[in-house]
K.L.:
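Below are the structure tokens for one structure; questions will follow.
Residue numbers count from 1 along this sequence. A quick note: this is a predicted structure, and the numbers were derived from the prediction, not measured.
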Amino acid sequence: MTQPPQDEFDSSVENAEAWMKAIQEKLQINDNTKGPRSALEARLKETEKICVLEPEGRLKMDFVIKKAEALLRCISEDEKHKVLSKLKDIKAMWEETAIYITHCHSRIEWVWLHWNEYLKAQDEFYTWVHNMKVTLEPDIELQLGLKEKQWQLSHSEVLLNDVLNQSVLLERLLEEAASLFNRIGDPSVDEDVQKKMKVEYEGIKEVAQKRVKLLKKITKEHEQYSTRVNQFQTWLNGVTESLNCCIEEATVENKLKALQAIAEDVKSGEKELQSLEVQSIGVIQNTSPLGAEKMKDELEELRKALEKLKLMRSEEQERLHKFFQSKSAYQSQVRELEAEATRAALATEEPKVERLKAQLNKLFQFPQDVQPHVDSVVSAIRGYQSVKGKAFKMSIAAGSELRQHLQNPMQEFQLWKPSVQRLLDMTANVTEPTVAQTFLLQLEECLAESSQFKERMMMIQLKKDLLGSVFGEEEARSLLTEVTEAAKEREILHKSLLQNKSKLQNLISQHKDFDAGFAPLQKKFSAIRTKVDLEKEPQPDLVGKKTRLQRLQMIQDDLAELVVQMEDLESLVQSNATHKHKMNQLSADCKALKKSLEETIEQSEKHVQRHWKFNEKLSDLQQWIAVTEQKLESYQGANGERNMESRVADLERLLAEFPDKEFQLHLVETHGQMVMENSSSEEAADIRTELNKVKESLREVKERITSLLQKLQPKRTAVDTGKKITIMQPPTFGFHSFDVDPKHKQEKMSKAGKNSNHLKLMKDFEQWLEAENAKLTKNLATKSSSVDEVEAKYSKLEELQSRVPEGQHLFEDLLHLHPVVGNSEDLENLRYRWMLYKSKLKESLDSLQTPVSLEEPDGFRKKRRGGMCSFLHRVCWTALPLQLLLLLLLLLAFLLPLAEETHSCKLANNFARSFSLMLRYESPPPT
């Protein structure tokens, strides 16, 4: 009586143990966090499935417990101990399995979530890196003035603080990466990736620090310049006030001392202003054009104020000079008048002395003693002679001094004239601005001396009467003639001095304007050349190449703007050989850089297009492999004769596509090789890895298709016994079926008779293909230098393309007549050459079409023509057998009850009858 419960209990225990062992084996297989993200995700899904199966295990345990309770009620006490022991063991095993399920899933899920959070943080970090690069990459924008530069410096310091604060987050991210790497061991979080993040951060930090350092330098230079300008303005106000006080001075001597001091201050002020102008050149280079204009206007106002101060001092000094000249003339006239008065007085006294002498002679005739009278007369005569001698000497001295005073201007002019002529000769061909500044000061001094000579000559010409009394009429006329000629010479020299002064001032002004314009151009050119040199480094991916192309185009725009600015500046260098040489040198450098930049942009566009084509072709191949793998997965569990027929047909069709895919893989590898030549070493390694993966995947898919065909072929042969049998050729490039049924032997013989036609078609197609390929090669060999030639070349390619359907028709006829038994190497070689020709023609047409916009999103992929339609076609082709199978099952379910008895009550309520009214009565009416 206890045997059935015992068997049921043992069976339930065995089932539970087997289930738990199977679960534990699955858990052991998936209990691993190492590997890539896809593997971890697959293990997570497997553990989720296992967790879903946990209720099934509980049901099995409940079933075991139920069977154990039933067994315990009908066995002896001795046997109960064994049952309870076994029940205890199975419960412990279940607890262990349940805990293992929870722990394994939780551990994998925790690593998965941890990885997700890390990836989010990493994305945020790289987003921050990108934003900071976008912010810091442009050149420093020139500001209007000191306040704006201080604001710009403050903003850059805020960015630098943000960068420094990001170091804490980066450390945490690196710690998380190290922790994850210890758990998963995936290369996406290894030390190289961590170093890359650190290098990215250090690069941004270095750029931010350099930016702040440069802005500090620019701001400091502007602050120093502004301080010096303010000090100069204060000094200028002070000197102007001193000059005003000097004018109000009472004594002439104090005025002269004050003017002398002011003259010294003005000279030092001129040197300070020149130093400010030199310093302003460096500040203007780091200031916006509007700010530079304001600075130039400010310096011009200071220059005008200084010139006004110099003019006021010169006028006051000239006024004093005129005062002293008039005072000297007055004293000379006084001395002359005194001399004349003395001479007149002596002349009036001369007769008196003669009368005294005559009276003294008469007195000697008398006998009296006249000695006392003689002594007094002699004494008077001696006094007169003494006074007369002194007066004569004074007259001679005054006349000599007056003659010297009147002749000095002419003597000084004769000495001054050669020095002025030498200065004019020296300043006639001056081209250096530094020398021009020195000569300009000398010219200003000569002009001041010329004005003084003019005044002195005019004074001489106004004193004709005095000249006649001093020199005599003849000598006075000669002197006046000499003064008139000297005045004309002075006028000519004065005009020449003014002309040379104006020329030197224009030269200095042009030099300042040229330096102010040329230095920023030279700096901008150096910056552009540095940018171009930096863009020659290989880029890591397509996005980097696209970004580099955009940057190169922006640099090209900057260079075009620089050329326009150079043309504007060339108007200032026509008369200056040095400036012209500098501009010619800069222009030559710009032309060379422009040519190099155009070549770089052209190469970059080619690199982007090649990388784009490579990604597109690789994506097509990967998508085909993925769809094919999905089909193969669906074929693994499908059953049924109809399914088998459909699967074999699909597998044959897929295997027939492999030559095209292998050729496509060859093209992808060729494009990949060209892309790797123009990519960084890291990107080249990634491309090589991706190509190896695709090649391996394609090989595995082909092996799986071949294996499935080998497995399904015997089944198909067994099912189709006595029917039309499909015999598979070796998996080369096509599959052909023939009938071994005796009824079709005659048809097979007729096919064999078509071999000769097949060979003729093959020869004709080969000749046609060689002719078309020769035309294509000749068309590609011609170089097109104009738009008309390109259009002609494109029309010829379109003509070749229009004949492709004709070739395809010939090739299909050739395939249709291909013999069943025979060597297919020639046909496969011809197929390869035909595919190669079509691919070559298509790429040539694409290369001559209007380039697609480089602004497409999603990794800059071009839209593939017919890609979605092809994909839908494959999906529908795969789903069609399943749909037919479902319709067949539905038909069987509908027709199956019709084979049963028509009056069966148990069959009245079924699926088939549900399509008709079931409430009917076929017997006679009830009585």
K.L.:
Do Glu175 and Ser179 have side chains that approach each other closer than 4.5 Å (heavy atoms only, starting at C-beta)?
P.N.:
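Sidechains of Ser179 and Glu175: no contact.
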K.L.:
Please work out which of the three classes, parallel, tilted or perpendicular, describes the rings of His114 and Trp110, given edges at 30° and 60°.
P.N.:
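It falls in the tilted class, 30° to 60°.
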K.L.:
Does either side chain, that of Glu696 or that of Asn692, offer a donor lying less than 3.5 Å from an acceptor on the other one?
P.N.:
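Their side chains do not contain a donor-acceptor pair, so the 3.5 Å distance test is not met.
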K.L.:
Would you say Asp190's side chain and Val193's backbone share a donor-acceptor pair under 3.5 angstrom?
P.N.:
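A pair under 3.5 Å: yes.
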K.L.:
Under a 3.5 Å cutoff, is there a donor and acceptor pairing between the side chains of Glu176 and Gln122?
P.N.:
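No - no donor-acceptor pair under 3.5 Å links their side chains.
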K.L.:
Between Glu200 and Lys196, does at least one N-O distance fall below 4.0 Å, as a salt bridge requires?
P.N.:
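Looking at Lys196 together with Glu200, the answer is no, because their closest N to O distance does not fall below 4.0 Å.
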K.L.:
Indicate whether any N or O donor in one side chain lies under 3.5 Å from an N or O acceptor in the other, for Asp186 and Ser188.
P.N.:
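Present: a donor and an acceptor within the cut-off.
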K.L.:
Do Gln194 side-chain atoms and Val189 backbone N/O form a donor-acceptor pair below 3.5 Å?
P.N.:
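Yes; at least one donor-acceptor contact below 3.5 Å.
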K.L.:
I want to check something: taking the side chain as every heavy atom from C-beta on, are Glu124 and Trp128 in contact at a cut-off of under 4.5 Å?
P.N.:
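The answer is no, as the side chains (C-beta and beyond) never meet within the 4.5 Å cut-off.
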K.L.:
Salt bridge between Glu17 and Lys21, side-chain N to carboxylate O under 4.0 Å?
P.N.:
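No, this pair does not count.
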K.L.:
Tell me, do Glu700 and Ile625 make a side-chain contact under 4.5 Å, heavy atoms counted?
P.N.:
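No. Closest side-chain heavy atoms not under 4.5 Å.
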K.L.:
Side chain of Asp31, backbone of Leu27: donor and acceptor closer than 3.5 Å?
P.N.:
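Pair absent, no side-chain N/O of Asp31 close to backbone of Leu27.
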K.L.:
When you measure from the side chain of Arg183 to the backbone of Thr33, do you find a donor-acceptor pair of N or O atoms at a distance under 3.5 Å?
P.N.:
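Judged by distance alone, no pair lies under 3.5 Å.
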K.L.:
Would you check if Lys695 and Arg699 make a side-chain contact, meaning some heavy-atom pair closer than 4.5 Å?
P.N.:
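They are not in contact (no side-chain heavy atoms under 4.5 Å apart), so the answer is no.
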K.L.:
Of all heavy-atom pairs between Glu54 and Ala98, which one has the smallest distance, and what is that distance?
P.N.:
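Taking every non-hydrogen atom into account, OE2-CB, 4.1 Å.
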